[in-house]
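Structure incoming, see below.
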Amino acid sequence: MTDEPRTQGDDTKALFFELVARRDPKVRDQLVTAHLGLAHQLARRYANRGEPYEDLVQVASLAIVKSVDRFDPDRGVEFTTFATRTVIGELKRHFRDKGWAVRAPRRVQELYLELGKVTETLNQELGRSPTVAELASATGATEEAVLEALEAGQGYRTSSIDATDRNEETLASHIGGEDASLDTVEDRELLAPAIAELAPREQLILQLRFGQGLTQSEIAARVGISQMHVSRLLAASLERLRKHVTENGAQPDASTPAGSARQPTSSGS
Amino acid sequence: MSTVRGQSTVSVELSIPVQADLVVLARLTAATVAGRAGFGVEDIEDLRLAVEELCLSLVGTRRDGRLHLTYECEEDAITVDCWYEAGDHETRGRVGDAEDLSLRILDALVDEHGHDLAKGRPSAWLCKRRADPIG
């Protein structure tokens, strides 16, 4: 009989049992640190909706700490599932409180703020989350207006309002995700001199895209240029890096940004 | 769409081009169906995020084609089916691969979900049950 290989999940579970038994702060730190990547992933997923990415990372990271403190390994749920639920809950709350970068009409903003108060009151009165009809009745608004205000209030970026290059917008352009080229870019010390030769703005854009995983739209907002311009600058920078790698004898593998014709993920191209 | 309260099942269909500023329609439709069925605002918020995630998980980095969504609302549950129809001239990008993060997010937001990406017609579905059944 052979032993089943231990998985990362087994190790995590063992650490949680240890935490429950001994409340050892070092174990707690270890568990928090091990799951900060999830906080970053989720923050990236909900970035580009009017709130600074760094703020979302902070909210998500705190939610990981809360998750570690509250997780009960006896319940049979994976920690990542529990933590994802907690992080999303905290991010939703954050958007509810702060997500007003969206340019919603004043009447919608006012209704949204009123809905926040009324929802809280009804939550307590009813012992459950109120329905749209109950909110409409309490605020004197129509159900459609309530739905509109709730949609706007989530801090979603309404591209139809503020996108100047809407034809280039894709669903994926709203996601900053792991890029397959990230590791190879980071790993190639060979690229360092070539990167140093790029203009400061191009270096910044590369860092934001591959170092921080921001989307092109986010980078555009940060740098103050259009998403299309970011896309062009990234393509040009990657082409220069590819040339540098080729000229210096290394063979870029097929998955490197330089070695393939693929554009960075967020462009959707 | 008729009011669904008191009715056994309501079905709503939506077809949208793959374009970021139109995903709001997928979210709003979900919210409207759920709102009229008497779902609480917390559930509706979860459903909105989940429907967006469902769309993203199917579309991947494609920028062409259409998303077809069907919303079925029964007594205490809403089921959303979504499939991606590739565009005529689509040559770039990749279809979504239902990455781990998408699945985790859906786990956190809805009661059940599934993907079928193996066939020529990538599809996915989710089911959200009302957390607070009313009276």
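Every chain is numbered from 1, with letters handed out A, B, ... down the list of sequences. Here the structure is a predicted model, which is why all the values come from computation and not from measurement.
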task = Please examine the side chains of B:E112 and B:W125, heavy atoms only from C-beta on, and report whether any two atoms are closer than 4.5 Å.
result =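 They are in contact (side-chain heavy atoms under 4.5 Å apart), so the answer is yes.
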
ask   = Relative to chain B, which segment of A:L135 carries a heavy atom at a distance below 4.5 Å: side chain, backbone, both, or neither?
value =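 Side chain only.
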
request  = For each of A:L147, A:T119, A:T86, tally heavy-atom pairs with chain B at distances under 4.5 Å, and name the one with the top tally.
outcome  =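 Counting heavy-atom pairs under 4.5 Å, the top option is A:L147.
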
Proximity breakdown for A:L126 and chain B, heavy-atom pairs closer than 4.5 Å =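 Contact with chain B is absent: no heavy atom of A:L126 under 4.5 Å.
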
ask   = Hey, does the side chain of B:D111 reach the backbone of B:R129 with a donor-acceptor pair shorter than 3.5 angstrom?
value =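 Flag set: sc B:D111 to bb B:R129 pair under 3.5 Å.
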
message = Less than 4.5 Å to any heavy atom of chain A: does that hold for the side chain of B:L22, its backbone, both, or neither?
response =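 Interface part for B:L22: neither.
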
query = Taking atom CZ of B:R130 and atom CG of B:D43, what is their separation to the nearest 0.5 Å?
reply =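 One gets 8.5 Å once the value is rounded to the nearest 0.5 Å.
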
request  = Evaluate the ring planes of B:H115 and B:H113, with Trp represented by its six-membered ring, and classify them as parallel (under 30°), tilted (30 to 60°) or perpendicular (over 60°).
outcome  =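 Judged by the thresholds at 30° and 60°, the geometry between B:H115 and B:H113 is perpendicular.
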
